[in-house]
Protein chains: 2
Amino acid sequence: MSTIADVARLASVAKATASRALSGRGYVSEETRTRVVAAARTIGYVVSPNAASLVTGRTKNIGVIIPYISRWFFAEVLESVEQALLEQGYDMTLYNLPAPSPERVRVFEYFLARKRFDGVISVGVELSDEEVDHLHHMRRPLVGIGGPIRGVHSIAINDVAAARLATEHLLSLGHTDILHVGGSQEEQMDFDVHSKRLAGFNAAMLAAGHPLAGTFYACELTVPGGYEMGRSVLGDPRRRPTAIFAASDEIAIGLIVAARELGILVPSELSVIGIDGHPYAEMFRLTTLEQHPRNQGRLAVTSLLADLESPTPAPSAESTVLPTNLVMRSSTSAPRPPLP
Amino acid sequence: MSTIADVARLASVAKATASRALSGRGYVSEETRTRVVAAARTIGYVVSPNAASLVTGRTKNIGVIIPYISRWFFAEVLESVEQALLEQGYDMTLYNLPAPSPERVRVFEYFLARKRFDGVISVGVELSDEEVDHLHHMRRPLVGIGGPIRGVHSIAINDVAAARLATEHLLSLGHTDILHVGGSQEEQMDFDVHSKRLAGFNAAMLAAGHPLAGTFYACELTVPGGYEMGRSVLGDPRRRPTAIFAASDEIAIGLIVAARELGILVPSELSVIGIDGHPYAEMFRLTTLEQHPRNQGRLAVTSLLADLESPTPAPSAESTVLPTNLVMRSSTSAPRPPLP
DNA sequence: CTGAAAGCGCTAACAA
DNA sequence: TTGTTAGCGCTTTCAG
């Protein structure tokens with residue numbers, strides 16, 4: 001593998017000049033620049049970012065921590081982040097951390113601590129005070145997606161408001177017998193997403209004067225999770241609701257599959273609304289609140305790289321939540337209220 | 001950020017000794033080792049892998065190229081690769097390359113060319129001769145998943161055999177009117193997966209003496225893709241098959257959703273078999289050939305790291321295909337032949 | 001077993 | 001505009 005010394009020799013200049021010519025920093029005459037570039041091409045020279053970062057302190061590498069890869073929302077965020085970073089010439093190093101674990105400690109204390117990254121994006125991970133300190137201690141920008149992180153910018157939707165909006169949509173259609181199927185209140189996701197969505201649902205129901213008793217069912221936030229819950233809760237025609245607000249599209253899809261198996265027509269006999277904007281929504285006649293994960297990903301990258309350019313004094317105490325766009329997408333055949 | 005010099009000073013040893021003590025390479029008395037380690041702990045020292053790799057040539061970082069993140073199979077591979085690498089103390093840098101594009105060229109000529117990686121794992125990407133040369137030129141191990149790569153080890157299933165096996169399963173149940181829904185023959189995926197699976201299907205059908213005309217339909221390899229195809233091909237009762245072999249579980253799921261919407265009972269009126277081992281298989285009464293993506297991922301990592309330890313002389317001309325386990329998983333209610 | 005010194009590949013001062 | 005020099009943080013000879 002050739003070094004910049006080889007390039008310099010071939011172009012008959014000093015290493016420093018070759019460096020300036022190739023990196024674009026500092027003055028080089030147009031003529032020598034072309035000579036250096038030509039030399040680099042002929043021997044197939046590519047800078048060693050390791051060596052460069054040793055002296056510049058910049059690695060052109062961003063660390064990303066994320067709890068799931070195969071859930072739709074997270075996969076979309078990841079794709080958009082990777083794409084945005086690549087466009088800007090950055091590498092993305094990925095850490096997949098499903099739950100608090102020994103591995104997680106190791107990632108924070110070892111992997112993230114080695115000045116290998118110019119910055120870190122934390123996707124859907126609620127960091128402990130200690131972890132935030134660890135990260136801040138490195139004096140590198142940090143951006144969050146999915147909820148606030150002390151002292152840094154983050155991108156998130158307002159979960160309470162989203163849940164409330166979704167529920168109000170069902171209420172406005174005339175539904176009164178509405179269920180919420182969401183994540184377990186005992187096993188919270190990070191940022192208490194489960195309880196926030198439940199809170200939004202409850203608020204809307206109470207405001208409309210409906211009782212809350214027996215309106216909430218907890219399941220895993222996956223399609224099979226929603227399916228199982230659907231089988232058990234929709235089986236009994238007497239206690240069957242006319243509408244369900246699901247905490248995620250994946251749950252909603254599972255519910256719809258179960259409903260159809262039980263001979264319940266969706267949406268005419270059962271309206272289902274979810275959150276995310278999942279690409280399967282249309283084929284399942286699902287109404288959903290789009291969460292625009294790709295936008296969130298790009299926004300995070302933009303914000304992080306901006307911080308890198310001009311080290312903004314980190315927002316002191318509270319984090320900045322940039323609310324994302326929330327668009328209600330009604331599917332081809334809109335949910336209908338129960339026939340009188 | 002503290003350096004090894006700080007540690008050395010605090011422990012009253014030379015930098016070299018501190019280095020030996022912390023890395024475990026070279027002789028250090030048990031007593032000084034503990035002193036050095038203690039010193040490192042107190043000031044929170046973590047090695048800079050960049051600086052270390054500059055002298056050792058090892059980066060403890062593996063590059064991964066993958067065409068999709070949100071498709072189930074790829075997400076699973078990614079998760080398992082990341083996990084296996086982390087266990088071994090390696091970072092994973094991810095490049096998401098959906099299609100041949102200018103971006104792709106840049107990744108190979110720039111990002112992968114900068115000796116930032118100890119090795120590369122290529123998941124489901126068929127590399128051009130030029131790209132393989134690029135990679136080999138770096139004299140770093142390379143492992144493939146999904147199909148052969150010239151001169152290196154790779155992990156893959158036998159697509160022709162898998163398709164044939166799936167089709168034979170349907171034939172053995174007594175089906176004669178079988179369709180294959182798979183990827184377009186014009187827009188091949190890498191490694192010609194589409195045509196291989198079609199070939200396997202055709203072989204089984206011919207062997208059983210069935211005509212091929214009108215048995216193949218092409219769609220996108222996604223759930224909505226399968227759904228659309230299902231709507232159009234299952235709509236007409238006269239030309240409806242009794243069984244379908246889908247090239248992927250995602251297609252199969254889409255087909256089943258469409259079938260159910262059209263009032264076709266699955267599996268009693270329509271048997272569907274797919275490939276992958278998707279977690280939704282059971283709830284959709286789908287029979288599937290498991291492809292064990294997580295095993296493939298771990299196998300790739302093991303193979304790569306082994307190559308790293310003892311630089312095996314690359315398998316000269318042809319690549320080694322380690323066939324993966326192929327298990328047929330029958331769902332709760334098995335596909336049945338058409339009633340006579 | 002430990003220390004001193006050299007140097008990995010590169011860029012940033014500073015001179016020229 | 002270019003060259004010289006120093007040094008980023010670490011590991012590795014090579015002496016001791």
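Proteins get letters first, then strands, A, B, ... in listed order; numbering begins at 1 in each.
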Q) Which is true for B:Ser53 with a 4.0 Å heavy-atom rule: it touches a base, it touches only sugar-phosphate, or it touches nothing? A)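 If one applies the 4.0 Å heavy-atom cut-off, B:Ser53 turns out to touch nothing in the nucleic acid.
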Worksheet item: Is there a donor-acceptor contact under 3.5 Å linking the side chains of A:Asn61 and A:Thr93?
Response: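 Per modelled atom types, A:Asn61 and A:Thr93 side chains form a pair under 3.5 Å.
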Exercise for the section: Whole angstrom is fine here: how far is it from CZ in B:Arg58 over to P in D:dT12? Expected result: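 Taking atom P of D:dT12 as the reference, CZ of B:Arg58 is at 11 Å.
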Original post:
Taking atom P of D:dG3 as reference, at what distance in whole Å does atom OH of A:Tyr27 sit?
Top reply: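 Checked: the OH to P distance equals 17 Å.
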Side chain of A:Asp6, backbone of A:Ile43: donor and acceptor closer than 3.5 Å?
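Checked: no pair found.
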Checklist entry - Under the 3.5 angstrom rule, does the side chain of A:Asn96 hit a backbone N or O of A:Ile66 as a donor-acceptor pair? => result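 Flag set: sc A:Asn96 to bb A:Ile66 pair under 3.5 Å.
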Expected string for nucleotides 6-16 of chain C under the B/S/- scheme (protein heavy atoms, under 4.0 Å, primed atoms plus P, OP1, OP2 as sugar-phosphate) is --BBBSBB---
- Return the set of residues passing side-chain contact (heavy atoms from CB on, under 4.5 Å) with B:Leu127 (not counting sequence neighbours), or none when no residue passes.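 B:Leu127 satisfies side-chain contact (heavy atoms from CB on, under 4.5 Å) with B:Ile65, B:Arg104, B:Phe108, B:Ser122, B:Val125, B:Glu131, B:Val132, B:Leu135, B:Leu142, B:Ile149 only.
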Q | Cation-pi geometry met for B:Arg71 and B:Phe74 (6.0 Å, 45°) | A |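 Pair B:Arg71/B:Phe74 does not count as cation-pi.
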